[in-house]
Amino acid sequence: MKARLLIAGALAALTMSGTAQAHRQWMLPSSTVLSGTDNWVTVDAAISNDLFYFEHHPMRTDSITVTQPDGSAGKVENAATGKYRSTFDVHLTQPGTYRIASVSAGLMGSYMLNGKRERLPRGTTKETLAKAIPAGATDVQTAEAASRNEIFVTLGAPTANLFKPTGVGLEMVPVTHPNDLVSGESATFQFLLDGKPASGLKVTVIPGGIRYRDALGQMDLTTGADGKLSITWPQPGMYWLNASTGGGEGGPGAAQGEGAPQAPQEPAGPPQRRASYVSTLEVLAP
Amino acid sequence: MQISHKLLLTGGAALGATGALAAPAQAQTLNLTVNIPRLSVAEYHRPYVAIWVEKEGAAPRTLSVWYDYDMKNGEGTKWLRDVRQWWRASGRTMQFPADGITGATRAPGDQKVAFTAGKGPLGQLGPGNYTLVVEAAREVGGREVVRLPFAWPPKPGAVVRVKGASELGAVSLSFGK
(Lines give C-alpha, C1' and ligand atoms only; values in the text may rest on other atoms or scores of the structure.)
Protein backbone atom coordinates (compact mmCIF):
# COMPACT_ATOMS: atom_id res chain seq x y z
CA MET A 1 0.00 0.00 0.00
CA LYS A 2 2.67 2.38 1.05
CA ALA A 3 4.85 1.42 -1.87
CA ARG A 4 1.98 1.87 -4.25
CA LEU A 5 1.37 5.35 -2.94
CA LEU A 6 5.00 6.25 -3.22
CA ILE A 7 5.07 5.05 -6.80
CA ALA A 8 1.90 6.93 -7.54
CA GLY A 9 3.43 10.01 -6.02
CA ALA A 10 6.59 9.62 -8.04
CA LEU A 11 4.60 9.11 -11.21
CA ALA A 12 2.51 12.14 -10.46
CA ALA A 13 5.59 14.22 -9.86
CA LEU A 14 7.01 12.97 -13.10
CA THR A 15 3.92 13.82 -15.05
CA MET A 16 3.55 17.13 -13.35
CA SER A 17 7.00 18.48 -13.75
CA GLY A 18 8.33 16.69 -16.77
CA THR A 19 11.77 17.15 -15.28
CA ALA A 20 11.47 15.21 -12.10
CA GLN A 21 14.76 13.39 -11.72
CA ALA A 22 16.35 12.72 -15.05
CA HIS A 23 13.25 11.60 -16.90
CA ARG A 24 11.92 13.75 -19.64
CA GLN A 25 8.48 13.65 -21.10
CA TRP A 26 8.12 14.49 -24.76
CA MET A 27 6.08 14.32 -27.91
CA LEU A 28 7.94 14.14 -31.19
CA PRO A 29 6.04 14.96 -34.39
CA SER A 30 7.06 13.48 -37.73
CA SER A 31 6.92 16.96 -39.27
CA THR A 32 6.13 20.45 -38.07
CA VAL A 33 6.16 22.32 -41.38
CA LEU A 34 3.87 20.76 -43.97
CA SER A 35 2.50 21.56 -47.40
CA GLY A 36 -0.51 20.40 -49.34
CA THR A 37 -4.16 20.59 -48.33
CA ASP A 38 -4.57 17.17 -46.73
CA ASN A 39 -1.71 15.74 -44.74
CA TRP A 40 -0.87 13.75 -41.64
CA VAL A 41 1.57 13.89 -38.80
CA THR A 42 2.43 10.94 -36.65
CA VAL A 43 3.64 11.62 -33.13
CA ASP A 44 5.80 9.54 -30.81
CA ALA A 45 5.17 10.18 -27.12
CA ALA A 46 7.42 8.89 -24.38
CA ILE A 47 9.13 9.49 -21.08
CA SER A 48 12.84 8.86 -21.33
CA ASN A 49 16.27 9.95 -20.23
CA ASP A 50 17.82 10.67 -23.61
CA LEU A 51 16.16 12.84 -26.21
CA PHE A 52 14.49 11.71 -28.34
CA TYR A 53 14.88 7.98 -27.75
CA PHE A 54 12.09 5.80 -26.44
CA GLU A 55 13.85 3.73 -23.83
CA HIS A 56 11.91 3.99 -20.60
CA HIS A 57 8.15 4.53 -20.50
CA PRO A 58 5.43 5.36 -22.98
CA MET A 59 3.51 8.58 -22.44
CA ARG A 60 -0.20 8.04 -21.99
CA THR A 61 -2.31 9.22 -24.90
CA ASP A 62 -5.73 9.39 -23.24
CA SER A 63 -5.30 12.99 -22.15
CA ILE A 64 -3.89 14.25 -25.44
CA THR A 65 -6.04 16.77 -27.25
CA VAL A 66 -5.80 18.30 -30.71
CA THR A 67 -6.88 21.85 -31.45
CA GLN A 68 -7.32 22.72 -35.12
CA PRO A 69 -6.43 26.09 -36.63
CA ASP A 70 -10.02 27.31 -36.40
CA GLY A 71 -10.10 26.48 -32.68
CA SER A 72 -12.27 23.38 -33.02
CA ALA A 73 -11.23 20.04 -31.55
CA GLY A 74 -9.35 17.63 -33.79
CA LYS A 75 -8.87 13.92 -33.28
CA VAL A 76 -6.11 11.68 -32.02
CA GLU A 77 -6.19 8.71 -34.41
CA ASN A 78 -4.52 5.30 -34.47
CA ALA A 79 -3.25 5.68 -30.93
CA ALA A 80 -1.19 2.76 -29.69
CA THR A 81 0.91 2.31 -26.60
CA GLY A 82 3.87 0.00 -26.56
CA LYS A 83 6.45 -0.86 -23.99
CA TYR A 84 8.57 2.24 -24.50
CA ARG A 85 6.48 4.68 -26.43
CA SER A 86 3.04 5.64 -27.59
CA THR A 87 2.30 6.72 -31.10
CA PHE A 88 -0.69 8.42 -32.69
CA ASP A 89 -1.69 10.26 -35.84
CA VAL A 90 -3.30 13.62 -36.46
CA HIS A 91 -5.06 14.31 -39.76
CA LEU A 92 -4.44 17.86 -41.01
CA THR A 93 -7.25 19.12 -43.18
CA GLN A 94 -7.27 22.84 -42.42
CA PRO A 95 -4.57 25.33 -43.34
CA GLY A 96 -2.80 26.82 -40.35
CA THR A 97 -1.31 25.87 -37.01
CA TYR A 98 -2.47 22.92 -34.90
CA ARG A 99 -1.82 22.37 -31.22
CA ILE A 100 -1.33 18.85 -29.87
CA ALA A 101 -1.32 18.97 -26.10
CA SER A 102 -1.49 17.05 -22.88
CA VAL A 103 -2.69 19.45 -20.22
CA SER A 104 -3.59 18.68 -16.66
CA ALA A 105 -4.54 20.72 -13.65
CA GLY A 106 -4.82 18.80 -10.45
CA LEU A 107 -4.17 18.91 -6.77
CA MET A 108 -1.09 17.62 -5.01
CA GLY A 109 -1.17 17.24 -1.30
CA SER A 110 -1.37 15.07 1.73
CA TYR A 111 -3.28 14.47 4.91
CA MET A 112 -2.67 12.83 8.28
CA LEU A 113 -4.40 9.55 8.96
CA ASN A 114 -3.72 7.29 11.95
CA GLY A 115 -0.60 9.25 12.71
CA LYS A 116 0.83 8.89 9.23
CA ARG A 117 1.01 11.39 6.43
CA GLU A 118 -0.54 10.07 3.24
CA ARG A 119 -0.39 11.57 -0.21
CA LEU A 120 -3.43 12.48 -2.23
CA PRO A 121 -3.79 10.00 -5.10
CA ARG A 122 -2.72 10.95 -8.56
CA GLY A 123 -5.37 12.67 -10.59
CA THR A 124 -7.05 14.40 -7.66
CA THR A 125 -8.77 17.60 -8.66
CA LYS A 126 -10.67 20.27 -6.78
CA GLU A 127 -13.86 18.41 -7.66
CA THR A 128 -12.68 15.02 -6.42
CA LEU A 129 -10.82 16.24 -3.35
CA ALA A 130 -13.66 15.51 -0.96
CA LYS A 131 -13.86 11.90 -2.14
CA ALA A 132 -10.10 11.46 -2.07
CA ILE A 133 -9.81 12.19 1.63
CA PRO A 134 -10.87 9.34 3.89
CA ALA A 135 -12.93 9.87 6.98
CA GLY A 136 -10.81 10.73 9.96
CA ALA A 137 -8.09 12.46 7.96
CA THR A 138 -6.71 15.62 9.47
CA ASP A 139 -4.31 18.38 8.50
CA VAL A 140 -5.14 18.27 4.79
CA GLN A 141 -2.64 20.24 2.76
CA THR A 142 -3.09 20.82 -0.95
CA ALA A 143 -1.56 22.81 -3.74
CA GLU A 144 -2.53 23.14 -7.34
CA ALA A 145 -0.30 21.51 -9.90
CA ALA A 146 -0.67 22.40 -13.56
CA SER A 147 1.25 20.77 -16.36
CA ARG A 148 1.27 21.44 -20.07
CA ASN A 149 3.10 19.46 -22.72
CA GLU A 150 2.32 20.78 -26.17
CA ILE A 151 3.64 20.74 -29.70
CA PHE A 152 2.66 22.67 -32.78
CA VAL A 153 2.46 21.66 -36.42
CA THR A 154 1.51 23.86 -39.35
CA LEU A 155 -0.06 23.05 -42.70
CA GLY A 156 0.67 25.93 -45.09
CA ALA A 157 1.18 29.37 -43.57
CA PRO A 158 1.55 29.61 -39.77
CA THR A 159 -1.38 31.09 -37.85
CA ALA A 160 -1.41 32.50 -34.33
CA ASN A 161 -4.99 32.34 -33.12
CA LEU A 162 -4.30 29.31 -30.90
CA PHE A 163 -1.84 31.25 -28.79
CA LYS A 164 -4.41 32.98 -26.60
CA PRO A 165 -3.46 31.97 -23.07
CA THR A 166 -5.92 30.13 -20.84
CA GLY A 167 -4.59 31.78 -17.68
CA VAL A 168 -3.93 28.45 -15.97
CA GLY A 169 -0.44 27.19 -15.16
CA LEU A 170 2.66 27.83 -17.21
CA GLU A 171 2.04 28.77 -20.81
CA MET A 172 4.19 29.87 -23.71
CA VAL A 173 3.03 32.72 -25.85
CA PRO A 174 5.16 32.77 -28.97
CA VAL A 175 6.53 36.05 -30.25
CA THR A 176 8.34 34.04 -32.90
CA HIS A 177 6.05 31.38 -34.34
CA PRO A 178 7.14 27.92 -33.13
CA ASN A 179 6.85 26.54 -36.66
CA ASP A 180 9.04 29.25 -38.15
CA LEU A 181 12.35 28.48 -36.47
CA VAL A 182 15.59 28.46 -38.43
CA SER A 183 19.12 27.64 -37.34
CA GLY A 184 21.28 30.71 -36.77
CA GLU A 185 18.25 32.90 -36.13
CA SER A 186 16.91 34.07 -32.80
CA ALA A 187 13.45 33.23 -31.53
CA THR A 188 11.56 34.98 -28.74
CA PHE A 189 8.93 33.37 -26.52
CA GLN A 190 6.99 34.75 -23.60
CA PHE A 191 6.08 32.62 -20.61
CA LEU A 192 3.05 33.24 -18.46
CA LEU A 193 2.21 31.82 -15.06
CA ASP A 194 -1.52 31.86 -14.48
CA GLY A 195 -1.85 34.47 -17.21
CA LYS A 196 0.80 36.87 -15.90
CA PRO A 197 4.36 37.24 -17.20
CA ALA A 198 6.57 34.63 -15.51
CA SER A 199 9.64 36.69 -14.71
CA GLY A 200 12.87 35.03 -13.68
CA LEU A 201 11.62 31.65 -14.90
CA LYS A 202 14.36 29.14 -15.61
CA VAL A 203 13.89 27.49 -18.98
CA THR A 204 15.95 24.58 -20.25
CA VAL A 205 16.45 23.84 -23.92
CA ILE A 206 18.20 20.65 -25.04
CA PRO A 207 18.89 19.55 -28.60
CA GLY A 208 17.85 16.01 -29.54
CA GLY A 209 20.34 13.35 -30.54
CA ILE A 210 21.86 13.06 -27.07
CA ARG A 211 22.86 9.43 -27.57
CA TYR A 212 25.46 10.26 -30.18
CA ARG A 213 27.40 12.97 -28.39
CA ASP A 214 29.19 13.42 -25.09
CA ALA A 215 28.02 16.89 -24.09
CA LEU A 216 24.38 17.44 -23.25
CA GLY A 217 24.41 20.80 -25.02
CA GLN A 218 21.82 22.15 -22.62
CA MET A 219 20.97 25.85 -22.81
CA ASP A 220 19.87 27.40 -19.52
CA LEU A 221 17.82 30.52 -20.03
CA THR A 222 15.96 32.84 -17.71
CA THR A 223 13.00 35.00 -18.61
CA GLY A 224 13.12 38.74 -18.10
CA ALA A 225 10.64 40.86 -16.16
CA ASP A 226 8.23 40.59 -19.09
CA GLY A 227 8.44 36.79 -19.05
CA LYS A 228 10.29 36.79 -22.36
CA LEU A 229 13.45 35.09 -23.46
CA SER A 230 15.30 34.72 -26.73
CA ILE A 231 17.06 31.64 -28.05
CA THR A 232 19.54 31.59 -30.90
CA TRP A 233 19.43 28.13 -32.44
CA PRO A 234 22.93 26.70 -32.81
CA GLN A 235 21.96 24.02 -35.30
CA PRO A 236 18.94 22.54 -37.04
CA GLY A 237 17.07 19.74 -35.35
CA MET A 238 14.47 18.93 -32.71
CA TYR A 239 14.79 20.67 -29.35
CA TRP A 240 13.16 19.85 -26.04
CA LEU A 241 12.06 22.86 -24.02
CA ASN A 242 11.13 22.64 -20.37
CA ALA A 243 10.27 25.01 -17.57
CA SER A 244 8.83 24.42 -14.17
CA THR A 245 8.11 26.43 -11.10
CA GLY A 246 7.23 25.70 -7.50
CA GLY A 247 7.82 22.55 -5.44
CA GLY A 248 11.56 23.00 -5.31
CA GLU A 249 14.10 20.45 -4.14
CA GLY A 250 13.08 18.69 -0.99
CA GLY A 251 9.77 20.45 -0.97
CA PRO A 252 6.48 18.66 -0.89
CA GLY A 253 5.86 16.82 -4.06
CA ALA A 254 9.53 16.39 -4.80
CA ALA A 255 10.01 12.84 -5.94
CA GLN A 256 10.99 10.44 -3.19
CA GLY A 257 12.72 7.25 -4.10
CA GLU A 258 12.44 3.92 -2.42
CA GLY A 259 15.53 4.72 -0.44
CA ALA A 260 14.06 7.81 1.14
CA PRO A 261 14.17 7.78 4.92
CA GLN A 262 11.16 6.04 6.35
CA ALA A 263 10.88 8.03 9.51
CA PRO A 264 9.06 11.33 9.55
CA GLN A 265 7.79 11.93 6.04
CA GLU A 266 6.36 15.23 7.10
CA PRO A 267 6.88 17.93 4.52
CA ALA A 268 8.80 20.92 5.75
CA GLY A 269 5.96 23.29 5.05
CA PRO A 270 2.70 23.57 3.20
CA PRO A 271 2.77 22.26 -0.38
CA GLN A 272 3.67 24.79 -3.03
CA ARG A 273 1.86 25.70 -6.20
CA ARG A 274 3.54 23.84 -9.05
CA ALA A 275 3.44 24.35 -12.77
CA SER A 276 5.40 22.91 -15.62
CA TYR A 277 5.72 23.38 -19.34
CA VAL A 278 7.21 21.10 -21.99
CA SER A 279 7.43 21.49 -25.74
CA THR A 280 9.34 20.03 -28.64
CA LEU A 281 10.45 22.56 -31.22
CA GLU A 282 11.78 21.85 -34.68
CA VAL A 283 14.48 24.14 -36.03
CA LEU A 284 15.06 23.92 -39.76
CA ALA A 285 18.25 24.50 -41.68
CA PRO A 286 18.44 27.90 -43.38
CA MET B 1 26.23 25.98 -51.55
CA GLN B 2 27.01 28.86 -53.91
CA ILE B 3 30.46 28.25 -55.30
CA SER B 4 30.87 31.40 -57.23
CA HIS B 5 28.84 33.99 -58.88
CA LYS B 6 29.95 36.73 -61.17
CA LEU B 7 27.97 39.87 -61.02
CA LEU B 8 28.52 41.85 -64.17
CA LEU B 9 26.21 44.63 -63.20
CA THR B 10 27.19 47.56 -61.10
CA GLY B 11 24.43 47.85 -58.59
CA GLY B 12 23.28 50.88 -56.69
CA ALA B 13 20.90 53.71 -56.92
CA ALA B 14 22.86 55.57 -59.54
CA LEU B 15 22.32 52.87 -62.09
CA GLY B 16 18.65 52.62 -61.33
CA ALA B 17 18.23 56.34 -61.62
CA THR B 18 20.15 56.85 -64.85
CA GLY B 19 18.66 53.72 -66.34
CA ALA B 20 15.20 54.89 -65.57
CA LEU B 21 15.86 58.35 -66.98
CA ALA B 22 17.81 57.41 -70.05
CA ALA B 23 15.96 54.43 -71.36
CA PRO B 24 12.75 53.71 -69.57
CA ALA B 25 11.97 50.05 -69.76
CA GLN B 26 14.22 49.06 -72.63
CA ALA B 27 14.71 45.59 -71.23
CA GLN B 28 11.45 43.89 -70.44
CA THR B 29 12.33 40.24 -70.17
CA LEU B 30 14.32 38.05 -67.79
CA ASN B 31 15.78 35.14 -69.71
CA LEU B 32 16.78 32.41 -67.33
CA THR B 33 18.65 29.22 -68.10
CA VAL B 34 18.70 26.60 -65.37
CA ASN B 35 20.86 23.55 -65.88
CA ILE B 36 19.51 20.48 -64.13
CA PRO B 37 22.47 18.13 -63.80
CA ARG B 38 22.29 14.55 -65.00
CA LEU B 39 23.01 12.47 -61.91
CA SER B 40 24.17 8.91 -61.78
CA VAL B 41 22.16 7.66 -58.82
CA ALA B 42 20.26 4.46 -58.14
CA GLU B 43 16.92 6.19 -57.72
CA TYR B 44 16.45 9.39 -59.68
CA HIS B 45 13.49 11.70 -59.60
CA ARG B 46 13.39 15.06 -61.31
CA PRO B 47 13.82 17.83 -58.75
CA TYR B 48 11.17 20.18 -57.53
CA VAL B 49 12.38 23.66 -58.53
CA ALA B 50 11.18 27.05 -57.34
CA ILE B 51 12.19 30.33 -58.94
CA TRP B 52 11.44 33.60 -57.22
CA VAL B 53 12.48 37.24 -57.01
CA GLU B 54 13.41 39.04 -53.83
CA LYS B 55 13.82 42.74 -53.20
CA GLU B 56 14.68 44.17 -49.85
CA GLY B 57 11.61 45.47 -48.12
CA ALA B 58 9.19 43.83 -50.55
CA ALA B 59 7.31 40.55 -50.51
CA PRO B 60 9.07 37.85 -52.55
CA ARG B 61 7.39 37.00 -55.85
CA THR B 62 7.25 33.40 -56.99
CA LEU B 63 7.78 33.10 -60.75
CA SER B 64 7.77 29.34 -61.30
CA VAL B 65 7.35 26.14 -59.33
CA TRP B 66 8.10 22.88 -61.08
CA TYR B 67 6.58 19.97 -59.23
CA ASP B 68 4.42 16.87 -59.64
CA TYR B 69 1.29 18.95 -60.12
CA ASP B 70 -0.65 16.19 -61.90
CA MET B 71 -0.72 13.54 -59.18
CA LYS B 72 -4.15 12.54 -57.98
CA ASN B 73 -5.62 14.51 -55.08
CA GLY B 74 -2.83 17.05 -55.38
CA GLU B 75 -0.46 14.67 -53.64
CA GLY B 76 2.52 16.30 -55.32
CA THR B 77 2.02 19.36 -53.13
CA LYS B 78 2.93 17.31 -50.06
CA TRP B 79 6.61 17.72 -50.88
CA LEU B 80 6.60 21.42 -51.77
CA ARG B 81 7.82 22.24 -48.27
CA ASP B 82 11.08 20.44 -49.05
CA VAL B 83 11.95 23.41 -51.26
CA ARG B 84 12.39 24.94 -47.89
CA GLN B 85 13.76 28.47 -48.40
CA TRP B 86 11.14 29.16 -51.01
CA TRP B 87 8.44 27.54 -48.88
CA ARG B 88 9.24 29.93 -46.06
CA ALA B 89 9.73 32.99 -48.24
CA SER B 90 6.66 32.61 -50.40
CA GLY B 91 5.27 29.12 -51.00
CA ARG B 92 3.48 28.60 -47.73
CA THR B 93 1.13 31.52 -48.38
CA MET B 94 0.22 30.37 -51.91
CA GLN B 95 -2.54 28.15 -53.27
CA PHE B 96 -1.72 25.30 -55.66
CA PRO B 97 -1.88 24.85 -58.54
CA ALA B 98 -0.90 28.50 -59.05
CA ASP B 99 -1.97 30.01 -62.32
CA GLY B 100 0.99 30.90 -64.54
CA ILE B 101 3.43 29.61 -61.90
CA THR B 102 2.83 25.87 -61.58
CA GLY B 103 4.69 23.72 -64.09
CA ALA B 104 5.78 20.13 -64.55
CA THR B 105 9.13 18.93 -63.29
CA ARG B 106 11.86 19.17 -65.91
CA ALA B 107 14.41 16.73 -67.23
CA PRO B 108 18.18 17.04 -66.86
CA GLY B 109 19.73 19.55 -69.26
CA ASP B 110 19.42 23.29 -69.90
CA GLN B 111 15.95 24.50 -69.13
CA LYS B 112 15.09 27.92 -70.48
CA VAL B 113 12.35 30.08 -69.13
CA ALA B 114 11.48 33.75 -69.64
CA PHE B 115 9.56 36.24 -67.52
CA THR B 116 8.26 39.54 -68.80
CA ALA B 117 8.09 42.62 -66.65
CA GLY B 118 4.57 43.91 -66.26
CA LYS B 119 3.06 40.55 -67.10
CA GLY B 120 2.21 37.36 -65.27
CA PRO B 121 3.92 36.48 -62.02
CA LEU B 122 6.84 38.90 -62.44
CA GLY B 123 4.64 41.98 -62.49
CA GLN B 124 6.03 45.50 -62.57
CA LEU B 125 9.65 45.92 -61.60
CA GLY B 126 10.54 49.30 -60.15
CA PRO B 127 14.14 50.46 -60.41
CA GLY B 128 16.34 48.88 -57.79
CA ASN B 129 18.37 45.88 -56.74
CA TYR B 130 16.82 42.45 -56.89
CA THR B 131 17.83 38.87 -56.38
CA LEU B 132 16.52 36.04 -58.48
CA VAL B 133 16.65 32.80 -56.50
CA VAL B 134 16.55 29.26 -57.84
CA GLU B 135 16.12 26.36 -55.42
CA ALA B 136 15.99 22.68 -56.27
CA ALA B 137 15.04 19.77 -53.98
CA ARG B 138 15.11 16.20 -55.22
CA GLU B 139 13.16 13.26 -53.82
CA VAL B 140 15.61 10.92 -52.03
CA GLY B 141 18.31 13.40 -53.05
CA GLY B 142 19.72 16.71 -51.94
CA ARG B 143 18.77 20.35 -52.07
CA GLU B 144 20.52 23.44 -53.37
CA VAL B 145 19.78 27.11 -53.72
CA VAL B 146 21.58 29.70 -55.87
CA ARG B 147 21.11 33.45 -55.83
CA LEU B 148 21.52 35.78 -58.81
CA PRO B 149 21.62 39.47 -57.90
CA PHE B 150 20.63 41.96 -60.58
CA ALA B 151 19.77 45.62 -60.90
CA TRP B 152 16.70 46.86 -62.70
CA PRO B 153 16.77 48.23 -65.28
CA PRO B 154 19.82 46.27 -66.39
CA LYS B 155 22.76 47.51 -68.40
CA PRO B 156 22.65 46.41 -72.02
CA GLY B 157 24.28 43.03 -72.42
CA ALA B 158 24.36 42.28 -68.72
CA VAL B 159 24.48 38.62 -67.73
CA VAL B 160 24.47 37.13 -64.23
CA ARG B 161 25.98 33.67 -63.91
CA VAL B 162 26.06 31.28 -60.99
CA LYS B 163 27.12 27.68 -60.85
CA GLY B 164 25.49 25.19 -58.55
CA ALA B 165 27.50 22.44 -56.89
CA SER B 166 25.16 19.49 -56.57
CA GLU B 167 21.50 19.74 -57.48
CA LEU B 168 21.86 22.62 -59.91
CA GLY B 169 24.34 23.18 -62.74
CA ALA B 170 25.05 26.50 -64.41
CA VAL B 171 22.32 29.08 -63.94
CA SER B 172 22.39 32.28 -65.99
CA LEU B 173 20.19 35.31 -66.23
CA SER B 174 20.20 37.68 -69.19
CA PHE B 175 17.86 40.42 -70.25
CA GLY B 176 15.92 40.99 -73.45
CA LYS B 177 13.24 43.17 -74.90
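Just so we're on the same page: letters track the sequence lines, and every chain starts at 1.
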Subject >> Set of side-chain hydrogen bond (donor to acceptor under 3.5 Å, both in side chains) partners for A/S63, sequence neighbours left out >> reply: A/S102
Subject >> Heavy-atom proximity to chain B below 4.5 Å, by part of A/D180 >> reply: both
Subject >> Electrostatic pair B/E135-B/R143, nearest N-O below 4.0 angstrom >> reply: yes
Original post:
Strictly by modelled atom types, are A/D70 and A/S72 linked by a side-chain donor-acceptor pair under 3.5 Å?
Top reply: yes
Original post:
Name the one of A/H56, A/H23, A/R211 that satisfies side chain to side chain contact (heavy atoms under 4.5 Å, CB included) with A/N49?
Top reply: A/H23
Original post:
Quick one: what part of B/W87 sits under 4.5 Å from any heavy atom of chain A, side chain, backbone, both or neither?
Top reply: side chain
Original post:
Under 4.5 Å, heavy atom to heavy atom, which residues of residues 38-57 of chain B contact chain A?
Top reply: none
Subject >> Part of residues 91-125 of chain B lying next to chain A, heavy-atom separation under 4.5 Å >> reply: B/R92, B/T93
Original post:
Going by the angle between their ring planes, with limits at 30° and 60°, are A/Y212 and A/Y53 parallel, tilted or perpendicular?
Top reply: perpendicular
Original post:
Can you find a pair of side-chain heavy atoms, one from A/L241 and one from A/V278, that are under 4.5 Å apart?
Top reply: no
Could you list the donor-acceptor pairs under 3.5 angstrom formed by side chains in residues 224-236 of chain A, with sequence neighbours left out?
{"from": "A/D226", "atom 1": "OD1", "to": "A/K228", "atom 2": "N", "distance (Å)": "3.1"}
{"from": "A/S230", "atom 1": "OG", "to": "A/T188", "atom 2": "OG1", "distance (Å)": "2.8"}

Subject >> Heavy-atom closest contact (A/P58 atom, A/K83 atom, distance) >> reply: CD-O, 3.1 Å
**OP:** Establish, from distance only, whether the side-chain atoms of A/S147 and A/S104 form a donor-acceptor pair under 3.5 Å.
**Re:** yes
**OP:** Could you tell me whether the side chains of A/T97 and A/H177 share a donor-acceptor contact shorter than 3.5 Å?
**Re:** yes
